[in-house]
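Below: one structure, written as structure tokens.
Atoms considered below: every heavy atom in the structure, side chains included; atoms not considered: hydrogens, waters and symmetry mates. Naming: A, B, ... by sequence-line order, numbering from 1 per chain.
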Amino acid sequence: MSLPTSPPVLRMAGISKRFGALLANDDITLELARGEVLALLGENGAGKSTLVNILFGHYVADAGHVEIDGEALPPGNPRAALAAGIGMVHQHFTLADNLSVLDNILIGTEPLWRWRQGRRAARARVEELSRRFGLAVQPHARVGALSVGERQRVEIIKALYRGARVLILDEPTAVLTPQEADSLFATLAQLIADGMSVIFISHKLDEVLRVSHRVAVLRGGRLVATRAADATSRAELAELMVGRAVQMPARTRSDARDAAEMLADLAQVSVPAAVGHVALHDVSLSLRSGEIVGIAGVAGNGQVTLAEVMSGMLAPASGTVTIAGHAMPADPQRWIAAGVARVPEDRHAQGAVGELAVWENAIAEQLGQPGFTRAGVIRRGASRRFARELVSRFDVRGGGIDAPTRTLSGGNMQKLILGRALSVAGEGRVPRVVVASQPTWGLDIGAVAYVHRQLLDAADAGAAVLLISEDLDELMALADRIAVMHRGRLTEARPAQAWTLATLGLAMAGSDAAPAGAAASGGTEVCDAA
Amino acid sequence: MELLDIITAAPFWVAVLRVATPLIFGTLGVLLCERAGVLNLGIEGIMVAGAFSGWLAVYHGAPLWGGVAVAAAIGLAFGLLHGWLTVTLALSQHVAGLGVTMLATSLSYYAYRIGFASVSSPPTITPFAPMRWLDGVPVLGSILGPVLGAQTSLTLLALLLAPVIAWLLYRTPLGLAVRMVGENPAAAEGQGIRVGAVRIGAVMAGSALMAVGGAFLTLSAFNAFFFNMINGRGWICVALVVFASWRPGRALLGALLFAAFDALQLRLQQGGASLPGLPPLPYQLYLMLPYVLSIVALILVARRATYPQALMKPYRRGER
Amino acid sequence: QAKLKVAAVYTVPVEQQWVSRIHKALNEAKGRGEVDYVFSESVSNADYERVLRQYAEQGAALIVGESFAVEAAARKVAKDYPKTAFLMGSSGKPQAPNFSVFDNYIQEPSYLTGMIAGGMTKTNHIGMVGGYAIPEVNRLMHAFMEGARSVNPKVKFTVSFIGSWFDPPKAKEAAFAMIDKGADVLYAERFGVSDAAKERGKLAIGNVINTQPQYPATVVASALWNMEPTIGAALSKVKAGQFKSEDYGQYSLMKHKGAELAPLGTFEGKVPADLMVKVRAKEKAILDGKDTVKVVETEPKSTP
Amino acid sequence: MRLEARPTVSRVALVAAPVGAVAATLLICALLVTWAGAPVGRAYLSLLQGGFGSRFAWSETLTRATPLMLTGLAVAVAFRARLFNIGAEGQLYLGALAAVAVGGQVDGGAAPWAAQLPAGLLFVLMVAAGMLAGALLLLGPAWLKLRLGVDEVVTTLLLNFIVLLLVSWMLDGPMKDPLAMGWPQSVALLPDMELSRLMERSRVHSGLLAACALAVAVWGMNRYTVFGLQMRAVGANARAAAFAGMPVGRVTLLAALLSGALAGLAGVVEVAGRTSYLTLDMSPGYGYAGVVIAMLAGLNPLGVVAASVFVAGVLVGADGMSRAVGVPNAIADVIVAVALLTMLIATMLTRYRIRLDRVRGVA
Ligand SMILES: Nc1ncnc2c1ncn2[C@@H]1O[C@H](COP(=O)(O)OP(=O)(O)OP(=O)(O)O)[C@@H](O)[C@H]1O
Ligand SMILES: Nc1ncnc2c1ncn2[C@@H]1O[C@H](COP(=O)(O)OP(=O)(O)OP(=O)(O)O)[C@@H](O)[C@H]1O
Ligand SMILES: [Mg+2]
Ligand SMILES: [Mg+2]
């Protein structure tokens, strides 16, 4: 796409923001033209969200200011930003689950001191917007009952309803299927045609090149480059983001595994729907020693439930789960004892207790082991020695083993959890089964590479690895077989070579199109290299 | 059966409404605070302060409604304090609440003792009169007169408040804002709502209601101020809101139900040995009745309650 | 001549009926310039002993208080300060050398008010609201009931306890419930009861204090407790250096003017004359020592 | 106005915070004292003397602090496991009731069954009964919370009323002291069951030592034992604890038992150490004060000891002050309440700083 030439709608001048010792934004100056799509690119923690949060008034910059149409915006005031025509879709949804879609849209759009709401007119407007931009929503549905894609649409309508002229989208596609993402881009195209300007944040370089006019790259809080989209390439952008080329490990496949021992087996497992999880229907899957089986699917289709069943957190209503031939009850302790390494999806909510010290989290799964406790008392010496080893072996960087775990960055916390999980089987032994749920969410490329290496090593050492991920590239790169989850049902696990991104996307959307055979890449791949 | 005789008699319902009135005010007050995400354990003390200040104003010559206004103003002030502590400073809501209760209670007693250093019996005022004029209203009078006519206008106000607050919460932009900050403050802020202001405002309004509930005791149910006047009524309100699943209509119902148990308890107790089939029970068992039934009711509704998602979670802007 | 230092320690506020009588008597002594009077009110049981000790340390010559729920502690303190005179409301016995006891033995006027109540009820139904069923309350209620029955054998009683010393709205609620059941005379042991009677145009009988000024059309008669004789006796003994452990209970009896039937006041003439004749006769018999009122301290029960 | 987290907590701030809080409290309350027409300087001097200024003052402060330590510990344990136990008051009373039931006199001597036992064993039984009673009382709300999601703040609060009525009933009937002239008070404990005094002519009793020892024990438990680790984990993040294989339900119930037992013990200690029999107004809100103490201490068991002594000293001192300068004794509660709030604010300010945003005119 070409760069439109019109006066800037929005200008950020010299923005700096510090969180404690961390400089999240460092003197950033950026402009946005009318009808322009500006992509913000950068590693995790580069400061993208911080920048747009300052722009919207959630955060107050330590230095610098924001101008709309040449007028300075008062800092730290979302109301002023809204009034100036800025609409924002946050990285994490900001919707009230217990309220209706209409309530979520209507809030803040009317003067507070009125005896009644204009609900009827509002509803008509929402329906009109939803028709015009192809954003199907039901105004009276409770937000808590909506799928992720639907919530995304509600967020966008929220901004449109207020007549936003500048739309900020912070990683809007992270949780969408390729098809849903396409329909979002179609909507965007319409909006731009209407004169809207957009700031678009994404980690997906293809997307970025496709929809944006201009790309700004942040690294470590600094604006390192801006490029016209049609004058740059994936390779250049990747290099700019990371500052170096990153080697991604990939699977070398061998066929010997087909005969290997069956380590994990789910037979016709069903779980009824309940608060907090989607139902599973008749899920069957088996994993052999040394293989990696990937589960693809759009968030909210039952992967979480599957992960809970496979980590001993949830008992199926029917069907059996066996590990190495033994039927397993829903008791995490037993799963740990059976040598199952479990990496949960949400590291903050499930993976670690933020308030505990690093060393305490390191031994948390092994409190029953005589090595770490004696007569109910923790053997501090042994425990701390173990934690120190784990921290150095898995390269967990942070304030040391006595620091509260919450002070670790996301990537380092993930390494800690992974390290803990992989050492459940005891010193020098590999786990039998690894269950990893979204293990690389929110990690930067270096950390991703590290995690991938660990999973591959575990498989090579004979573990059966179940990899649940929404990142299709990750699945394609690591998995021997891939199955797709849709509405609580799991397709047959087919060899990775039998899938393409397109067929996977279709299957994730519920279409039953059989995957065409596609050549899989092998060996080592240099990310983004030509 | 005697039970039936009791609950079908008009005087019983007269008593129920009278016992319920301070609970209705208090429960609606707690409900407002909690809908905005703030637990207000200050209620017990705020009710004391309301009872005292309202009464004091009237004692010094203010009209009765002036006393109510003064109580409400004092409630607003303590609400501001609690809001500042829990919303602006994001302190633990449990402790701030207990602190406010201690402060409001002891300040009231202190002020009372300074004002009335050496009285040998509690000074009194002329309280609200029953709404006997209701008897004269055609049609309505003959239906409502016997029960409502025996109440004061504060009770009528309490009864009307429930639908008004329901309307406010579910039908006005302000109510939506209150519910939103109690469900997801970050989302509210993203839509331009001043989370702190709305929360503090709701806590202040709720506290004003609590204070008026306290004032009912000194200006209507009774005519003097006593130490220990509130006697745990505030805590009951906190329980009633959970029972009501944070809905104004059910809050009204809950308060009436609790009051009915209380009134029934008195009458059963007075029935003494005459209650057929039962040996004369110790009066303490009757007094327990409302509390035990509250717990039972709580257990019955627990599963279905959808509490405000952000309740007791302080919101600090720019923190994640 | 130096004023006598007197301290009082109360577990409730000084407005409470029972304590207000002591407070009044001591304030009067203070007003006469006889004593230096200091007091602490609303002292919890946990603090009671400390406050006693502090006053003793500060050199109070006489300490007045109520040791009902802190019997052991109060007696221990008295032992530790043998030079200080302790005059305590107590159901126990005096303790040598310096611990004397008193109590509100006003069952005699209670009996008399009971007679009046029995004569005044038209429905033959009397309601009685108490705080807790403790002996201090029970014996007055029993005397009252005896008195009522003596003039009106048909009279029926409803008794209830509100489980609090201090919840006037609740007491009022209990009284309302009794009126709803047909009671037309109420025994107002607690604050709040007379208000219910007043609102419903029923009658009430006062206890310990005379509340007729507040309820001129409601309170027919009151059984008054006067602490002046008790305090007076104790003060003079302390001054004379003759304070010993004694039971001051007798000073609360009618013959010592420690108790009396309050003047009928606004109800003068409204109580049937023949009834008053009986009342006065009984009163005189008591004063002359020819008649006594039985002390019953079990929990009173409603008439079935 | 908004809060901003400080990158680090400075040592100076940690010392300055309580000092500032106390100063602010004294300043605020000075207004009230002046309003009552009393001299502020003399008032505060007598507060200090009354709370901490003499052997007698210390003995009284420590006597008062003893039950506060135990209820404070009870609350700290429960809150640590995210069980909001507001019912320490009820647990205390039930504990005291159980203690009297086991260790109380019957007809002026030991009960027939107890007479056979050595005094030491009976004492142990009495303490155990009190702790068990408190523990079982909290077990119900904890179980209801786990199984049915019933809010424990409300159930524990309501149980306080129920227990008090139960105690009233017992003191009126089955457990009434026949020698108490009909007053609702329990029989006295056997003399052997009473705790020894730590100082002559004072009320400090060995319950104080027990409370301090338990504070150290709970601190050690939190820090060194598996259960302590599990309890902290469950309290901070139950989902993560469950994921790591910790028995969340069991840990919560055990924490409830421990918390209830500590509160029950507070009742035992009050009866055995101070009153020797149970009355309806034995506790001036020790259970509720426990919440205050625990929070002042930041849920740290050793902090609970310090906070108890501080609160008790202020209460005792302020109560003495009210008599010394003739202000209403409600001032004691006012000072404690103000001290609580300023202390909370001050500790918060060690971790956050207040930023006043420059608000430019909004167009
Ligand atoms: N409220 C906060 N308090 C403290 N640190 C913060 C806060 N918000 C962001 N940070 C830190 O600032 C840095 C920039 O964060 P930011 O969220 O802007 O990154 P990002 O570029 O959006 O990353 P991602 O791709 O993961 O969304 C990170 O190191 C983050 O930890
Ligand atoms: N709420 C917070 N309060 C204080 N510090 C925070 C907060 N959030 C993040 N930080 C700090 O910011 C840093 C980065 O945290 P974050 O979780 O964003 O990781 P990240 O920058 O995305 O790194 P990575 O991608 O390697 O995991 C951490 O060192 C953390 O201590
Ligand atoms: Mg990040
Ligand atoms: Mg971001």
By a 4.5 Å heavy-atom criterion (distance strictly below it), what part of D/Leu32 contacts chain B: side chain, backbone, both, or neither? both
Where on D/Leu344 is there a heavy atom nearer than 4.5 Å to chain B: the side chain, the backbone, both, or neither? both
For D/Asn160 and B/Tyr291, run side chain to side chain contact (heavy atoms under 4.5 Å, CB included): C-alpha distance rounded to whole Å, both residues' side-chain angles, the deciding distance at 0.1 Å, then the answer. CA-CA 10 Å; D/Asn160 288 343; B/Tyr291 302 105; over 6 Å; no
For B/Met102 and D/Val292, which heavy atoms make the closest approach, and how far apart are they? SD-CG2, 4.3 Å
Determine the minimum heavy-atom distance between B/Leu89 and D/Met348, stating which atoms define it. O-SD, 3.4 Å
What part of B/Ala111 is in contact with chain D, defined as an atom under 4.5 angstrom from a non-hydrogen atom: side chain, backbone, both or neither? both
Would B/Ile295 and D/Val150 count as a side chain to side chain contact (heavy atoms under 4.5 Å, CB included) here? Give the steps. CA-CA 9 Å; B/Ile295 292 185; D/Val150 182; over 6 Å; no
Hey, are the side chains of B/Thr105 and D/Asp333 touching, using non-hydrogen atoms and a 4.5 Å cut-off? no
Parallel under 30°, tilted from 30 to 60°, perpendicular over 60°: which one fits the rings of D/Tyr288 and B/Trp235? parallel
Heavy-atom proximity to chain B below 4.5 Å, by part of D/Ile331: both
Can you say whether D/Leu166 sits under 4.5 Å from chain B via the side chain, the backbone, both, or neither, judging by heavy atoms? both
If one checks every heavy atom of B/Leu285 against chain D at 4.5 Å, the contacting part turns out to be side chain
side-chain contact (heavy atoms from CB on, under 4.5 Å) partner of B/Leu298, chosen from D/Val154, D/Asp151, D/Leu144, D/Leu148: D/Val154
Which atoms of B/Leu91 come close to chain D, meaning under 4.5 Å heavy atom to heavy atom: side chain ones, backbone ones, both, or neither? side chain
Residue, of B/Ser108, B/Ser92, B/Ser106, that accumulates the most heavy atom pairs under 4.5 Å with chain D: B/Ser106
Closest approach of D/Ala337 and B/Gly99, non-hydrogen atoms and distance? CB-O, 4.0 Å
So for D/Leu340, is it side chain, backbone, both, or neither that comes closer than 4.5 Å to the heavy atoms of chain B? side chain
Counting only heavy atoms closer than 4.5 Å, note whether D/Ile335 contacts chain B via side chain, backbone, both or neither. neither
Pick one of side chain, backbone, both or neither for B/Ile114, based on which atoms fall under 4.5 Å of a heavy atom in chain D. both
Rounded at 0.5 Å granularity, tell me how far CG in B/Leu39 sits from CZ in D/Phe84. 9.5 Å
Sort D/Val153 into side chain, backbone, both or neither according to what part of it lies under 4.5 angstrom from a heavy atom of chain B. side chain
Determine, stepwise, if the pair D/Leu158 / B/Ile236 fulfils side chain to side chain contact (heavy atoms under 4.5 Å, CB included). CA-CA 8 Å; D/Leu158 289 176; B/Ile236 301 297; 4.0 Å; yes
Is there a side-chain contact between D/Ile345 and B/Trp84 in this structure, where contact means two heavy atoms from C-beta onward sitting under 4.5 Å apart? yes
In terms of heavy-atom pairs under 4.5 Å with chain B, the winner among D/Thr155, D/Leu164, D/Leu341 is D/Leu341
If we ignore hydrogens and angles and just use 3.5 Å, is the side chain of B/Gln284 paired with the main-chain N or O of D/Ser168 as donor and acceptor? yes
The test is side chain to side chain contact (heavy atoms under 4.5 Å, CB included); show your working for B/Tyr110 and D/Val327 and say whether it passes. CA-CA 8 Å; B/Tyr110 187 75; D/Val327 297; 4.0 Å; yes
Distance check, rounded to the nearest 0.5 Å: D/Phe161 atom CZ versus B/Met288 atom CE? 13.0 Å
